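See structure below.
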Amino acid sequence: MKNDHVSRRRFLGISAAAAGASLAAKTIVLDPEPAFAAPQSAAPSDRVRFGIIGVGMQGSGLLAHAIQLPGVECLAACDLYDGRHTLAREIVKPDLPATRRYQELLENKEIDCLIGAVPDHWHKQLVVDAVSAGKDIYCEKPMSHSVADGVAMVAASQKANRFVQVGSQRVSAVICAKARQLIAEGAIGELMMVEGFLGRNDPSGAWEYPPPPDLSTQNLDWDTWQGTVPKRAFDPNIFARWRCWKEYGTGVAGDLLVHLISGMLFVLSLNEAPKRAMSMGGIRRWKDGDARNLSLHGIEGNSRTDEHRGYSFSTKRG
Ligand SMILES: NC(=O)c1ccc[n+]([C@@H]2O[C@H](COP(=O)([O-])OP(=O)(O)OC[C@H]3O[C@@H](n4cnc5c(N)ncnc54)[C@H](O)[C@@H]3O)[C@@H](O)[C@H]2O)c1
């Protein structure tokens with residue numbers, strides 16, 4: 001897979017630099033870009049047939065990777081924007097069935113499981129409907145748009161006895177698994193502090209994604225896209241930059257912090273909520289609630305860009 005050797009190279013390079021620069025405390029920097037296990041062949045009886053719901057920025061990448069796996073086949077795609085049907089067909093095959101209604105994928109008995117890569121405000125309904133229809137689902141992070149949504153998702157998956165995997169890829173990344181093993185074996189001694197950083201103050205980052213040029217209510221089911229919140233007039237910027245509105249996104253916490261926390265908990269073999277937490281931030285830009293009606297908390301709280309991400313693990317050993 002495409003990130004494999006890059007991640008390994010960057011990991012080794014950064015670790016070597018960090019080791020050379022260590023002062024009083026030993027600090028190991030881990031770049032948690034995903035590194036994938038080598039795919040293994042699958043028997044015909046083990047074929048997994050999936051459908052994908054949401055073929056946007058993340059869904060299209062997941063789809064391109066998923067169809068490369070042995071024994072995995074995409075049977076259908078769903079998106080509320082017809083342009084993404086074209087995209088899915090370009091990725092998979094020209095005659096891939098595509099629809100605006102995800103219920104059609106739920107009703108399709110040939111489909112074993114689903115990938116869900118819709119905006120955060122749709123995660124709960126999608127997961128509840130999928131498991132209730134007997135489908136396992138890989139749903140993108142953050143798991144839910146609200147705590148209550150998360151509770152409903154857990155209850156539905158337990159009731160239906162279906163798998164729900166949340167797309168926080170650090171908990172399944174080979175490189176994080178290696179770090180987990182090393183730390184469990186005591187390779188870095190007694191852990192004192194973990195620092196994580198991840199920023200997206202980039203002029204072309206997710207807060208600023210451009211809408212598709214042809215987007216209109218002719219090729220997008222805008223009403224359904226908005227979900228259950230009070231309806232707004234069609235706005236292509238909301239479609240593309242939904243992260244900037246509370247009704248649809250989860251701000252920095254759901255967009256980026258979730259990666260830091262899930263990866264850190266996995267690497268440290270922890271599975272519990274924090275006992276204490278604090279937060280700082282502020283709206284440094286778009287302060288006056290302009291056309292984008294920014295409602296994020298502290299979107300400029302971290303001045304680093306996407307090029308700067310990772311962890312440092314500090315220990316007592318010098
Ligand atoms: N794991 C990661 O590293 C990572 C990276 C980026 C995004 N994500 C997550 O992936 C999800 C999607 O993000 P994105 O950037 O791809 O968004 P996007 O806006 O680019 O794509 C979302 C797509 O879902 C479609 N959609 C919305 N509601 C739908 C519905 N009810 N039925 C069918 N289609 C629907 C939209 O039309 C759109 O094409 C988010 O939850 C985001 O947090 C995860």
Side-chain angles (χ1 to χ4, degrees), residues 3 32-34 51-66 76-88 91 98-106 114-130 137-146 149-150 153 165-173 176 198 200 204-212 214-217 219-229 234-245 247-263 306 309:
N3 286 329
E33 282 285 309
I52 184 163
I53 302 168
V55 193
M57 292 291 176
Q58 182 68 358
S60 56
L62 291 175
L63 184 57
H65 280 303
C78 167
D79 202 290
L80 297 173
Y81 166 42
D82 299 344
R84 303 269 153 90
H85 301 172
T86 307
L87 179 58
I91 294 170
T99 174
R100 289 184 182 183
R101 291 186 67 254
Y102 72 70
Q103 290 76 8
E104 289 177 27
L105 275 61
L106 304 187
L114 297 163
I115 294 174
V118 293
D120 306 352
H121 68 297
W122 260 104
H123 288 188
K124 183 205 81 173
Q125 201 54 50
L126 184 58
V127 166
V128 169
D129 289 348
I137 181 165
Y138 176 95
C139 176
E140 264 307 333
K141 51 55 64 177
M143 178 174 165
S144 65
H145 192 231
S146 69
D149 279 6
M153 292 159 80
Q165 183 177 356
V166 177
S168 293
Q169 61 266 33
R170 291 181 187 194
V171 305
S172 49
C176 289
L198 183 51
R200 190 179 265 160
S204 58
W207 317 123
E208 308 258 30
Y209 280 158
D214 72 335
L215 194 72
S216 77
T217 50
N219 55 30
L220 168 70
D221 180 351
W222 172 241
D223 200 46
T224 302
W225 187 97
Q226 294 180 79
T228 55
V229 300
F234 172 59
D235 184 340
N237 279 335
I238 296 181
F239 174 86
R241 301 169 186 167
W242 51 264
R243 289 167 172 81
C244 301
W245 281 263
E247 296 93 317
Y248 322 107
T250 42
V252 171
D255 214 41
L256 301 181
L257 182 73
V258 63
H259 284 305
L260 293 178
I261 299 290
S262 59
D306 253 352
R309 58 170 85 189

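In each ligand, atom 1 is the first atom listed, and ligand 1 is the first ligand listed. What you are looking at is a predicted structure, and each value in this text was computed from that prediction instead of being measured.
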[X], portion touching ligand 1 at heavy-atom distance under 4.0 Å:
{"X": "R243", "answer": "side chain"}
{"X": "M57", "answer": "both"}
{"X": "Q169", "answer": "side chain"}
{"X": "I53", "answer": "side chain"}

### Nearest non-hydrogen partners of V171 and S262, listed with the distance
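Closest approach of V171 to S262, heavy atoms only: CG1-O, 3.6 Å.
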### Query
Any idea which heavy atoms bring W207 and R243 closest together, and the distance?
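Taking every non-hydrogen atom into account, CZ3-CB, 3.4 Å.
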Among protein heavy atoms, which lies nearest [atom], and at what distance?
{"atom": "atom 13 (O) of ligand 1", "value": "W242 CZ2, 3.5 Å"}
{"atom": "atom 21 (O) of ligand 1", "value": "G56 CA, 3.3 Å"}
{"atom": "atom 12 (C) of ligand 1", "value": "A117 O, 3.4 Å"}
{"atom": "atom 11 (C) of ligand 1", "value": "V118 O, 3.3 Å"}

Does an N or O from [X], backbone or side chain, lie closer than 3.5 Å to an N or O of ligand 1?
{"X": "E140", "result": "yes"}
{"X": "D79", "result": "yes"}
{"X": "P119", "result": "no"}
{"X": "G167", "result": "yes"}

Among [options], which one puts a heavy atom closest to [atom]?
{"atom": "atom 40 (C) of ligand 1", "options": "L126, D255, L220, D120", "answer": "D120"}
{"atom": "atom 42 (C) of ligand 1", "options": "Q58, R84, K141", "answer": "K141"}
{"atom": "atom 33 (C) of ligand 1", "options": "L87, V55, L80", "answer": "L80"}

Any sub-3.5 Å donor-acceptor pair from [X]'s side-chain atoms to [Y]'s backbone N or O?
{"X": "H123", "Y": "V118", "answer": "yes"}
{"X": "S144", "Y": "S146", "answer": "yes"}
{"X": "H145", "Y": "G249", "answer": "yes"}

### Task
Applying salt bridge (Lys or Arg N to Asp or Glu O under 4.0 Å), name anything that partners D82, two or more places apart in sequence or on another chain.
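Salt bridge (Lys or Arg N to Asp or Glu O under 4.0 Å) list for D82, sorted by chain: R100.
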I'd like to know whether ligand 1 has [X] as a neighbour, heavy-atom separation below 4.0 Å.
{"X": "H259", "answer": "yes"}
{"X": "P142", "answer": "yes"}
{"X": "R101", "answer": "no"}

### Message
Just checking W222 against F239, ring centres under 6.0 Å apart?
### Response
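Not under 6.0 Å, so no.
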### Query
Could K141 and D255 be called an ion pair, given the rule that one side-chain N must be under 4.0 Å from one carboxylate O?
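Yes, this pair counts.
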For [X], atoms of ligand 1 separated by under 4.0 Å from a heavy atom:
{"X": "H123", "answer": "41 (O)"}
{"X": "W225", "answer": "27 (C), 36 (C), 37 (O)"}
{"X": "C78", "answer": "33 (C)"}

### Query
Going by heavy atoms in the side chains, are D149 and V127 under 4.5 Å from each other?
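No. Closest side-chain heavy atoms not under 4.5 Å.
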### Query
Heavy atoms, side chains only, cut-off 4.5 Å: are L63 and I115 in contact?
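A side-chain contact is absent here, since even the closest heavy-atom pair is not under 4.5 Å.
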### Spacing of I53 atom CD1 and R84 atom CZ [to the nearest 0.5 Å]
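Result: 15.5 Å between the selected atoms.
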### side-chain contact (heavy atoms from CB on, under 4.5 Å) against A77, all qualifying residues, sequence neighbours excluded
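Residues passing side-chain contact (heavy atoms from CB on, under 4.5 Å) with A77: I52, V55, A88, L96.
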### Query
Given W225, which of W122, Y81, Y248 fulfils the ring-ring contact (aromatic ring centres under 6.0 Å, His included) condition?
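For W225, the ring-ring contact (aromatic ring centres under 6.0 Å, His included) test succeeds with only one of W122, Y81, Y248, which is Y248.
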